[in-house]
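Since we're looking at a predicted model, the values are computed, not measured. Counting starts at 1 for both ligands and their atoms, in listed order.
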Amino acid sequence: MTYYIKADRFLLEHEEKLGGYLQIEEGRFGEFVEATPKNAKIIDWTGHTIAPGLFDTHIHGINGYDIMDGTSEAVHEISKAILPLGVTRFLPTTLTSSKEDLKQSIISVTEAVQEELTGAKSEGIFLEGPYFTDKHKGAQNPNYFRDPNINEFQEWQDLSGGTIVKIALAPERNKAVEFTKKVTESGVLVSIAHTEGSYECCHELIDSGARNYVHLFNGMTGLHHREPGVVGAALTDSRAFTELICDGFHVHPKVAVLASQVKGDKLTLVTDCMRAGLMPDGQYDLGEFSVVVKDGMAKTESNSLAGSTLQLIEGVKNLQQWSEIPLYKVWHKGSLSPAKSLGREHEIGSITTGKIADYVVLDSNINVQAVAIAGEIKFER
Ligand SMILES: [Zn+2]
């Protein structure tokens with residue numbers, strides 16, 4: 001089916017277009033035109049902005065559900081809950097946990113994807129852990145930390161039918177380099193996280209193929225002018241992407257702007273959202289830990305930040321306000337940069353001819369009015 005979207009503004013990859021029509025053809029973006037052919041089907045979003053679908057590459061849960069619940073129901077519910085928030089693609093994300101729990105979570109994501117998700121689509125599994133170290137553990141359970149093991153990873157990959165696309169580890173772990181080389185060769189994005197590794201150690205892992213830093217500034221050694229540490233390595237290496245949680249709690253707004261200036265389109269906005277997202281303040285669990293959520297801030301009993309309750313679109317709006325970067329540029333840090341970090345930019349991430357037509361309709365306050373996946377409206381307010 002072919003149709004045209006009429007709208008006030010379109011957030012394209014390299015510019016904002018005002019007015020005009022965007023063609024949608026067989027579920028993909030077509031040409032951008034000033035006038036439509038006679039008798040063309042037009043969907044009229046006058047007064048609205050059309051943006052590419054957001055892609056959350058780090059999300060544990062939302063709306064009372066968590067990937068570690070180990071049920072396909074949880075995965076379906078998360079997929080449904082994030083769609084009205086403008087998220088069309090996501091990576092269901094695990095936590096460090098017992099061998100049984102981790103396997104069960106991988107199985108449940110795989111089952112849910114086979115049953116077909118009705119909301120946001122899964123782009124693959126992100127294993128956050130278990131190969132971390134203690135000092136910056138955050139809400140990852142240190143009882144299950146261990147050295148990277150390629151055979152163990154292969155077992156998980158087999159369980160998932162080859163759908164694990166990203167794994168985070170601490171670069172100072174034994175065998176981290178060897179593991180990274182092998183796993184990177186198989187097309188998986190190796191990411192650095194929950195580590196007290198040195199600048200040199202991080203640099204070596206990037207040399208070995210790692211290409212991402214998880215939630216920059218959190219779960220890692222900070223930047224010191226005589227010891228650049230993990231943050232220094234992340235900021236100065238243009239080969240690597242860095243994730244940022246722009247809720248105003250995890251990173252100070254001015255530091256978020258600094259990171260954005262330094263990393264440019266290698267900065268990816270993520271939520272790291274846990275089950276308390278879209279839920280009231282109160283007590284929740286995250287893996288085996290009890291977490292208290294107050295004023296939207298999730299913390300463990302030891303006062304560590306424990307994921308977030310952030311919506312990705314709020315992260316986009318926050319960074320836009322803090323940095324005053326044009327909306328289309330900030331928006332792409334939540335759509336195109338995440339796609340690039342996983343080598344998926346040829347199919348998704350921006351409104352570009354030939355790509356899958358995942359798009360979000362926004363009102364003048366940047367609130368979501370409708371969301372389409374592959375050209376089909378899946379949510380409308
Ligand atoms: Zn983490």
Side-chain angles (χ1 to χ4, degrees), residues 56-62 66-68 78 90-97 101-102 105 125-146 148 164-173 176 188-197 202 205 210-222 229-231 233-234 240-251 255-256 259 267-277 284-291 293 296-310 312 315 338 341:
D56 196 345
T57 54
H58 186 164
I59 174 166
H60 299 280
I62 194 165
D66 191 294
I67 296 300
M68 296 311 297
I78 293 165
F90 74 116
L91 299 186
T93 304
T94 64
L95 276 175
T96 301
S97 57
D101 287 354
L102 188 55
S105 297
I125 298 171
F126 170 24
L127 300 180
E128 193 182 10
Y131 309 137
F132 294 140
T133 51
D134 280 25
K135 192 169 178 196
H136 298 282
K137 62 184 186 300
Q140 302 281 339
N141 193 334
N143 291 339
Y144 307 113
F145 287 173
R146 53 194 181 270
I164 296 167
V165 294
K166 177 175 170 185
I167 183 167
L169 52 80
E172 68 271 31
R173 275 275 170 197
V188 173
L189 173 63
V190 174
S191 306
I192 293 173
H194 298 285
T195 165
E196 57 171 322
C202 292
L205 208 75
R211 283 293 179 270
N212 183 48
Y213 288 84
V214 170
H215 45 51
L216 185 63
F217 299 106
N218 291 277
M220 56 181 65
T221 47
V230 182
V231 169
F241 288 85
T242 59
E243 300 173 7
L244 203 63
I245 307 170
C246 281
D247 59 359
F249 307 140
H250 280 79
V251 179
V255 179
L267 188 94
T268 62
L269 295 177
V270 297
T271 61
D272 196 10
C273 190
M274 43 80 80
R275 74 167 81 244
Y284 295 89
D285 63 64
L286 182 62
E288 294 172 21
F289 294 116
S290 173
V291 169
V293 178
M297 205 189 302
K299 284 186 166 177
T300 61
E301 278 158 2
S302 58
N303 216 30
S304 271
L305 281 167
S308 85
T309 61
L310 179 69
L312 192 50
S341 75

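Residues Glu172 and Thr195 have side chains that bring a donor and an acceptor to within less than 3.5 angstrom of each other. Looking only at atom types and distance, the side chain of His250 has no donor-acceptor partner in the side chain of Asn218 under 3.5 Å away. There is a side-chain donor-acceptor pair under 3.5 Å between Asp56 and Thr271.
Two residues are said to be in side-chain contact when any heavy atoms from C-beta on lie closer than 4.5 Å; Glu128 and Thr96 fail this criterion. Within the 4.5 Å cutoff, no side-chain heavy atoms of Leu95 are placed close to those of Asn141.
Listed by chain and residue number, His136, Glu196, Val230 satisfy the side chain to side chain contact (heavy atoms under 4.5 Å, CB included) test with Thr221 (two or more places apart in sequence, or in another chain).
Near-neighbour remark for the Zn ion (ligand 1): protein N, O or S atoms under 2.8 Å are Glu128 OE2, His194 NE2, His215 NE2; waters not counted.
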